[in-house]
Each structure stands twice: as C-alpha cells, then as structure tokens.
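Working notes, structure below.
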Amino acid sequence: MEETTPTHSPPFRTPGRAAAQAFPGPAGDTPRPSAAGRPPLRPVAVIDIGVSSIRMAIAELGGDRSVRMLDTLIQAVDLGRDVFDTRKLRRSSIERAAEVLSEYRQIALQYGVRIADDVRVVATTAVREASNALAFTDRIFVATGLVVESIDEAEVNRMTYSAVLPHLREHPKLADGKNVVVEVGGGTTEMIVIRSGNILHSESYRLGSLRSLRKLERYRSGSAKRRAMLRSQITKTLMPMIDTIRRDTAIELVALGGDVRFAARQLLDNWDGHSLAKVSAKKLSRFSQRVLTLDTDGIAKRYGASFLEAETLGPALLVYQMLAEEFSLSHIYVCDTNLRVGLLQDLSRRGSWTPDFRNQIVRSALQLGRRFGFDESHARNVAELSRRLFEELTDLHELDSRHEVLLFVAALLHEIGMSVNIRSNHKHALYLIRNSDVFGLSREDLLLVGLVARYHRRAYPQPSHEGFATLPLSQRVLVAKLASILRLAIALDDRRTGRIRDLRCQSQDGRLTILVSGIDDVSLEQVAMGENSGLFRDVFGMSVSLNNPSEH
C-alpha cells in the first residue's frame, strides 16, 4: 500500500501529551539557571529511531528530580519496510532519516539544548536488524554530528520498567498486584511481568504490527482471510508468552504504545491522556474488529488518524484484545508512557541506575545462579564483600555506581561454570553469563560481567582471550579493575563461612591494607590474599595485605 503522507512533510507534534507537562524523574546536573527560588533547569532532547517513524522529545530536567516535557515531535520514516523485506536499509531511507534528524537537531538547538552533551539518539528494531546498520549510523553522524546507539531488547525493557513503575505505584490495585506490561511496536512486542514492583519475567517477541503486515502482503487474499491469518500468526506467538505467566494470582494487563493510546482516546470521553486509563475489554474488542474491516484510508477518514496510526492500528489492537481474552479480563489499563520518557529519566540520572533497578538486576542474577545450582551463600558473601571493597576503594578505581552493579553480578555468578566443569569453570562461567538473560543488562553488559567472572581465579586477561580481545582499551581496563577487586573478595571468604562481613581499607606508600576486626584468626584468608592479589597489584600498582587490628 502506498504511503499517503507527504514524503517531505515537516515534523508534527504528537497528540495526547500537553506541552510543558511535568512528570516525576530523577535529578540531573544543570548548566543554566532558572527562575529565582527554583532548582536550575537543563534542556535535553531524546530521539527514538523506530520501525516506521523517528520521534523526538524535548524536556527540561530539574535539580528537584523532575522532568518537564516541552515538546514532542514525530516524522514518518519507513525503515521497517526495508528491513523486514530485504534485511537492508535502502539508501533513500537512510537519506530521509538524515534529513529528519538534521531538522530535529535544529529544533533542539532552538530550545537551547547542547547537542554534544544533552542529546541521546537511539535506534531499535529496524536499525538493529539491518545488515548495513553500521553504514546507517556512520551516515547519520557525517550528516548531523549525532551519534546513534543501536540498543537491544534488554535496554528497551530497562527503560520501559523505569518509565512505567511510577504509574503502577500511584495505583493502589496495581502497586501490590501482578501486572503484565505489554507494548506492541512495529517490529517487536515487549512484555514485562511485575508484581509489587519486582520483575518476575521479561521477554521480547518478534511480533510487531508492521512486521505482521509485511508478512501478510506476500499473500493475495481477501480481507477476511488476511484477518484469520493475522490472528493465527499472533496466536503462535502469544501462546508461549502466556505459558510463561503463572496464574497464581489475579492478573492486570497494562498496555503501552501509540496504537492502544489512540484506541483509548476514541473509547473514553474523559481521559486526560496522562493518567492510567481503564478501558473495557469488550469495547476494545469491538473497536479493533471494526478497525480490521477497514483499509488504511478508511481508518484515517473515519477516526481522523494519521497514516502512521492507521497503518498499524488493527494488528496492534488485535494483540491487546487477544491477551485480554486469554487472561479473561473485563478491562485493561492503558498507560501513557514510552521509551522516550525512560530515556529522559536516564539522562536526568546521568546514566546511573536507581536502587529499584539495581535490585531487579540482582534478583534476576540470583535466579540465573539458582538455575545452575550455585553456592548461593558463598556467592552472596563474595558479592557483599566486593561491594564493600568497591566503596572503600572509590578514590582508587574511579568507577561509578553502574560498575559496582556489574561487579556485584559477576561476584554472584562467578562459580556458575561449576555446573559444567569444575576444572575450567571460569571459562564456562563466561559462556553461560554471556548467553543468558539478566534483566536490565545489555549484551555488552553481560560480556563485561562474564569476563570479570572469567578472571576470578588464576588466569590473567590476555589479548588472545575470547571476548576480551575485541574490547576497547577503556573496557579492558574496566574488566581488569573489577576482576582484581573480585579476587580480593573471594580471598576474604576463603573458608566459605561468611565470617568476614565488614572491612576498612587503608593505603600508604604503595600498599593497601585491608582491616577486619572481630575475627580470631585470619591466617587462612591471609594466605588466600597473597595468592589472589597479584592482579590487583598489576592493575593498581599496590601490594595488598590483610590484618586484624585486634590481634596486635
């Protein structure tokens, strides 16, 4: 079907979110002053390169942990059609994306956004799956100076969790209940199961509205036949999704995405567009069935939809409808949040992870460890000692809180390779971690965690080692720093009793002294420390000793 939207139409403002809307968000640094008596404000922009459009949100970040939305824009760029057909982005599509991003760059400058420091551009399914993704990102950088990050599903789920959690906590029934949060995008469907704020499961499925349409366009069939094929296609994906969710308690469905927000605006007279909307499952079903009988032009004329909305509306709504039916729900909740809100919150935090999010990563890592029968008591002890050492040595290693989380996870999982082979368990730990899912950790994060775990024992990092050789210098140094700290923590729990729980570090004259008190005899730990401290000495140029002040 030919696109009816003008090819070079200017970006238009996204409906449903008022300009200058404020919503909760963590604090960020601020380069410019605001009105007297208020925290200083910092203008930022985030850009999401999706399957069928490029969207930008501009906001002011306050020092009071707030995010104040100033503007949202959307422009059609049909990258998904290229990739789902040929696995490659066409040159014309790349140039169109460069043109749109150039326009966005100018708009951001008009708002006072510092392009080098306060703009984040991410690409999702279409660019991630393209065989010429590198050519795309290089061309955008040459044309606009913008650096495009191709983020994976784990990063998208992290942002989604961060953005939706405040909405769940504001709703009494959802705050303590079991919620299936689903977003149907153009190329994928993201699902997160949350109970009482904790992640039970997260998954990304290759089921998207535009991807489904592209598959159906290969068949010459009537509208009724196409609807039946679409339902069959969705069922094949939904069944494994639903089977992962235990029916041990009542379930609520929280729907995200532009398509279901469009439906909510059509079905509800009094929705403010920002709070959680409660939509009747029966009304949603009737509406989706009406939409599926119309073509794109018919949807646009009947409901005043844009081409972008009209093209994907039917397939997306059918997914939500079928989920509501499978869970026997009388209603669903529609949430007005999106990836860009999560990106803005991340910018506000300067990329650091909140305690809530850190806890979800740790919970997921523990689940992985249990799957491989790890020594949980020892793993927890080593992880806590690693955290304490990291805190004590902050001035020495100069790493941030995100790196502490990676170290903690590596410490929890450093022995999971024992389930495969005791002798080479360090190598198997790398493989298992790298090829598993830990909620919130990207593939790059998992590689770093796996390498830190891989070097928890005698072997030193080598350029020839798998995974390590391809890292840039900064990440090679990061792995070496974290692995050296992990080795010290392992030495402190050499007896596997957890008897050492607190410590202090002193550094003087090129020597680090770890002080533990209240322990009768640390001779075994001292021997282990002598064996495990070589990497720390090589990385930081300091020898290490372990002392118990009460013995003197």
Side-chain angles (χ1 to χ4, degrees), residues 378-415 426 429 448-463 465 468 471-552:
H378 176 60
R380 285 179 177 270
N381 291 336
V382 171
E384 286 298 331
L385 289 167
S386 296
R387 182 185 61 79
R388 289 289 293 119
L389 286 167
F390 187 94
E391 292 175 349
E392 287 286 309
L393 301 172
T394 298
D395 292 340
L396 183 64
H397 58 62
E398 298 181 323
L399 301 175
D400 61 33
S401 59
R402 290 176 64 120
H403 300 133
E404 182 272 323
V405 178
L406 299 183
L407 172 61
F408 197 93
V409 173
L412 285 175
L413 301 176
H414 74 279
E415 286 189 340
H426 56 302
L448 295 175
V449 169
L451 286 169
V452 173
R454 189 244 193 271
Y455 296 123
H456 80 269
R457 47 190 291 188
R458 294 182 300 273
Y460 278 49
Q462 298 293 332
H465 289 168
F468 187 78
L471 294 179
L473 174 61
S474 61
Q475 292 190 338
R476 293 200 304 271
V477 171
L478 169 64
V479 167
K481 285 182 177 181
L482 297 182
S484 71
I485 295 172
L486 174 57
R487 292 188 184 194
L488 303 187
I490 292 171
L492 290 171
D493 197 45
D494 186 63
R495 302 189 192 207
R496 292 178 178 258
T497 61
R499 67 195 196 113
I500 296 178
R501 295 187 178 277
D502 200 13
L503 56 89
R504 291 184 297 113
C505 292
Q506 294 179 349
S507 57
Q508 187 176 9
D509 300 328
R511 187 174 189 82
L512 174 70
T513 302
I514 301 175
L515 302 171
V516 297
S517 55
I519 307 297
D520 294 336
D521 178 15
V522 293
S523 57
L524 286 179
E525 288 86 356
Q526 286 172 331
V527 172
M529 190 64 68
E531 294 174 347
N532 281 23
S533 59
L535 180 58
F536 189 92
R537 182 189 60 241
D538 290 352
V539 172
F540 294 105
M542 303 180 74
S543 59
V544 183
S545 63
L546 173 64
N547 288 330
N548 180 2
S550 62
E551 292 182 342
H552 301 289

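Looking only at side-chain heavy atoms (C-beta outward), His378 and His414 come within less than 4.5 Å of each other. Taking 4.5 Å as the limit, some side-chain heavy atom of Leu546 sits within range of a side-chain heavy atom of Leu492. With contacts defined as side-chain heavy-atom distances shorter than 4.5 Å, the pair Phe540/Leu512 does not qualify. Side-chain contact check for Leu396 versus Met542: some heavy-atom pair is nearer than 4.5 Å. Contact of the Leu478 side chain with the Leu448 side chain is registered, since non-hydrogen atoms from C-beta on lie closer than 4.5 Å. At a threshold of 4.5 Å between non-hydrogen side-chain atoms, the residues Met529 and Leu488 count as touching. Between Pro461 and Arg476, every side-chain heavy-atom pair lies at or beyond the 4.5 Å cut-off.
Looking only at distances, a side-chain donor or acceptor of Tyr460 sits under 3.5 Å from a matching main-chain atom of Leu535. The main-chain N or O of Phe390 is found under 3.5 Å from a side-chain atom of Thr394 such that the two form a donor-acceptor pair. No donor-acceptor pair under 3.5 Å is formed between the side chain of Gln506 and the backbone N or O of Thr513. A side-chain donor-acceptor contact under 3.5 Å links Asp400 to the backbone of His403. Using modelled atom types, no side-chain atom of Arg504 and backbone atom of Ile514 make a donor-acceptor pair closer than 3.5 Å.
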Using salt bridge (Lys or Arg N to Asp or Glu O under 4.0 Å), reason through Glu404 and Arg387 one step at a time and then give a plain yes or no. CA-CA 7 Å; Glu404 182 272 323; Arg387 182 185 61 79; 5.1 Å; no
Given side-chain contact (heavy atoms from CB on, under 4.5 Å), test Val516 with Arg501 step by step and report yes or no. CA-CA 8 Å; Val516 297; Arg501 295 187 178 277; over 6 Å; no
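Going from atom NE2 of His397 over to atom CG of Leu389 covers 9.0 Å, rounded to the nearest 0.5 Å. Within the model, atoms NZ of Lys481 and CG of Leu393 stand 11.0 Å from one another, a figure rounded to the nearest 0.5 Å. Note that CG of Asn532 is 9.0 Å distant from NE2 of His456, once rounded to the nearest 0.5 Å. The CG atom of Leu385 sits 9.5 Å away from atom CG of Asp502, with the distance rounded to the nearest 0.5 Å. Of the inter-residue distances, the one linking Leu486 atom CG with Phe408 atom CZ reads 12.0 Å to the nearest 0.5 angstrom. Summarising the geometry, atom CG belonging to Asp538 is positioned 9.5 Å from atom OG belonging to Ser533; distances are rounded to the nearest 0.5 Å.
Of all non-hydrogen atoms in Ser386 and Ala489, the two that sit nearest each other are OG-CB, 3.2 Å. Shown here for Asn548 and Gly518, the closest heavy-atom pair between the two residues is OD1-N, 4.1 Å. Of all non-hydrogen atoms in Arg388 and Leu503, the two that sit nearest each other are NH2-O, 2.7 Å. Counting all heavy atoms, side chain and backbone alike, Leu407 lies closest to Leu482 at CD1-O, 3.4 Å. Nearest heavy atoms, Tyr455 versus His465: OH-ND1, 2.7 Å. Nearest heavy-atom pair across Asp520 and Arg499 is N-NH1, 4.5 Å.
A donor-acceptor contact under 3.5 angstrom links the side chains of Arg511 and Ser543, judged on distance only.
Other residues, nucleotides and ligands contribute over 12 non-hydrogen atoms within 6.0 Å of the CZ atom of Arg402. Around the CD atom of Gln508, the shell of radius 6.0 Å holds no more than 12 heavy atoms that belong to other residues, nucleotides or ligands.
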